[in-house]
Structures are given as C-alpha cells and as structure tokens.
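Let me begin by presenting the structure, written as structure tokens, before commenting on it.
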Amino acid sequence: MPISPSEAMRRIGKPSGKQALVGTIGAGAAALLLATVAQWEGKRNEPYADLVGKMTVCFGETNVPMRRYSDAECEDMLGGSLTTYAKAVLGRNPELAGHPNQLAAAISLTYNIGVSAYWRSTVARRFSAGDWRGACDAFLSWSYAGGRRVSGLLNRRKAERAICLRGLA
C-alpha cells in the first residue's frame, strides 16, 4: 500500500541546512558561500554582543534564541539561514542564478548587512542594470558599523569583491 506524501517526508526527515542551501544555489556556490561566511563571521557557541552591541551567536545569528548551541547546531543553522538569504538575493537579482561567484558574494554581503539594505543597495541596482563589475566594486562601500569604518569589514568586503570579480570578462 502506498504511503502519503506527508508520511514519505516524515520518513525522509527535514533536509539539513546545508542540503537546503545546495538545493537552492548549487553545490559549488554553496561550498564557496559556507566557507566565506564561516571565515568572516567566525563561530561562537555562546551568545555575545557584536560590534554594534546586538546579541549574536554561532556564525553571526541574531534572530534565534540566545543560548549555547553545539557545533552541529551552528553549522545547520548557518546553512538554513544562508538558504533564506539566498532566496532573498535571487528574488531581488534573479540574473545571479547560474553565476556562482557573484551569487555567493552577494549572499555573503546580504547575510552581513540584511535583506532590506541589500535590496536597496547600489550593489543590487548595478547587478539589475547589467553592470556586474560596478556591482562588485560597490561592495566596498559596506565597510561601516555604528557610523565608523571598520577595518575587519573593509577586509571582508575586499574578499567578497574578489570573489564577485571571478569569472567576469
């Protein structure tokens, strides 16, 4: 006797955050994105205050209960969060689909600055206009926190820009 679709999904289980990310943006972009965000965000299993005083945990998560998380929970959370941000970036800039370097860079930026800021950014507008090199260059303007230039953010933006420029003619 066949089982229902909901029973089949229950037996399979919910995909991990990484699996969902791979399904959304592809394996190459997902691997690049996970490595990039993990490197720049760093991981802290215990909650802490970030540069602007916002409570944060794991790989820069701010919209979760502030408690101690295991390494596996942090990694799964990162994959799930990046999937959400990937969908938001592709919603604003569908032309990034099939361009893993530019997509990974844009998602990394969005994870750090937020969806609303990305949607109204020069980066997003330039991608939409077909000015891909100009979009990559615009990453550098997002190096401020709390009204001051932060060298760590500037270094991150330079790295994201370098990823974004890969493969452009």
Side-chain angles (χ1 to χ4, degrees), residues 17-18 20-44 48-64 74-169:
K18 183 178 177 182
L21 183 61
V22 169
T24 302
I25 65 173
L32 177 58
L33 178 60
L34 286 164
T36 300
V37 172
Q39 171 191 351
W40 289 105
E41 291 289 341
K43 181 180 62 64
R44 290 194 197 171
Y48 64 97
D50 68 10
L51 283 175
V52 294
K54 192 166 189 177
M55 290 307 294
T56 306
V57 71
C58 291
F59 294 100
E61 295 289 338
T62 58
N63 296 316
V64 298
C74 287
E75 290 166 12
D76 190 55
M77 193 184 309
L78 178 61
S81 291
L82 289 174
T83 301
T84 300
Y85 284 92
K87 290 176 181 179
V89 167
L90 287 168
R92 173 64 174 87
N93 293 117
E95 61 276 7
L96 292 176
H99 299 276
N101 296 321
Q102 294 74 30
L103 180 58
I107 298 166
S108 177
L109 175 69
T110 305
Y111 185 76
N112 190 241
I113 69 171
V115 172
S116 295
Y118 178 77
W119 272 54
R120 64 179 184 270
S121 73
T122 301
V123 173
R125 285 193 309 274
R126 287 182 180 172
F127 277 133
S128 290
D131 180 9
W132 291 55
R133 202 168 278 284
C136 297
D137 289 341
F139 276 70
L140 300 178
S141 65
W142 291 95
S143 58
Y144 293 82
R148 61 185 174 90
R149 183 168 225 143
V150 177
S151 61
L153 285 176
L154 180 58
N155 291 337
R156 178 179 181 157
R157 298 302 170 240
K158 287 178 179 178
E160 289 167 340
R161 178 181 175 271
I163 291 168
C164 187
L165 289 169
R166 285 185 203 161
L168 294 182

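Contact of the L96 side chain with the W132 side chain is registered, since non-hydrogen atoms from C-beta on lie closer than 4.5 Å. By the 4.5 Å heavy-atom criterion applied to side chains, L90 and L103 are counted as neighbours. Between S128 and R92, the closest side-chain pair of non-hydrogen atoms falls below 4.5 Å. In this structure the side chain of L168 reaches within 4.5 angstrom of the side chain of Q102, judged on heavy atoms. Side-chain contact between Q39 and F59 is absent, with no heavy-atom pair separated by less than 4.5 Å. Considering only heavy atoms from C-beta on, S108 stays 4.5 Å or farther from W40 through its side chain.
In this structure a side-chain-to-backbone donor-acceptor pair under 3.5 Å is present from S121 to Y118. Of the possible polar contacts, none joining the R166 side chain to the N101 backbone as a donor-acceptor pair under 3.5 Å is found. Without hydrogens or angle criteria, R157 side chain to W142 main chain gives a donor-acceptor distance under 3.5 Å. Judged by distance alone, the side chain of T83 and the main-chain N or O of G79 form a donor-acceptor pair under 3.5 Å. Looking at R120, its side chain does come within 3.5 Å of a backbone N or O of S116 through a donor-acceptor pair. Side chain of N93 to main chain of E95: no donor-acceptor pair is present (N/O by atom type, distance under 3.5 Å, no hydrogens or angles).
Taking every heavy atom of both residues into account, A86 and L21 meet most closely at CB-CD1, 4.4 Å. When every heavy atom of Y111 is checked against every heavy atom of S81, the shortest pair comes out as CE1-CB, 3.9 Å. Between P100 and L32, the closest heavy-atom pair is O-CD2, 4.5 Å. Nearest heavy atom pair, residue R126 against residue A138, reads NH1-CB, 3.9 Å. Between A88 and W119, the shortest heavy-atom distance links the atoms O-NE1, 3.0 Å.
Atom CG in L33 sits 9.5 Å away from atom CD in E160 (nearest 0.5 Å). Of the inter-residue distances, the one linking R44 atom CZ with E61 atom CD reads 14.5 Å to the nearest 0.5 angstrom. Once rounded to the nearest 0.5 Å, the distance linking OH of Y85 with CG of N112 reads 9.5 Å. Within the model, atoms CD of E41 and SG of C58 stand 11.0 Å from one another, a figure rounded to the nearest 0.5 Å. Here the OG1-NZ distance, from T24 to K87, works out to 5.0 Å after rounding to the nearest 0.5 Å.
Exactly one of T110, I107, I25 qualifies for a side-chain contact (heavy atoms from CB on, under 4.5 Å) with L82. That residue is I107.
Sparse packing is recorded around NZ of K158, with 12 or fewer heavy atoms of other residues, nucleotides or ligands lying under 6.0 Å away.
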Discussion item. The test is side-chain hydrogen bond (donor to acceptor under 3.5 Å, both in side chains); show your working for R125 and T122 and say whether it passes.
Written reply: CA-CA 5 Å; R125 285 193 309 274; T122 301; 3.0 Å; yes

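For the 3.5 Å distance criterion, the side chains of T36 and R156 fail to qualify, holding no donor opposite an acceptor.
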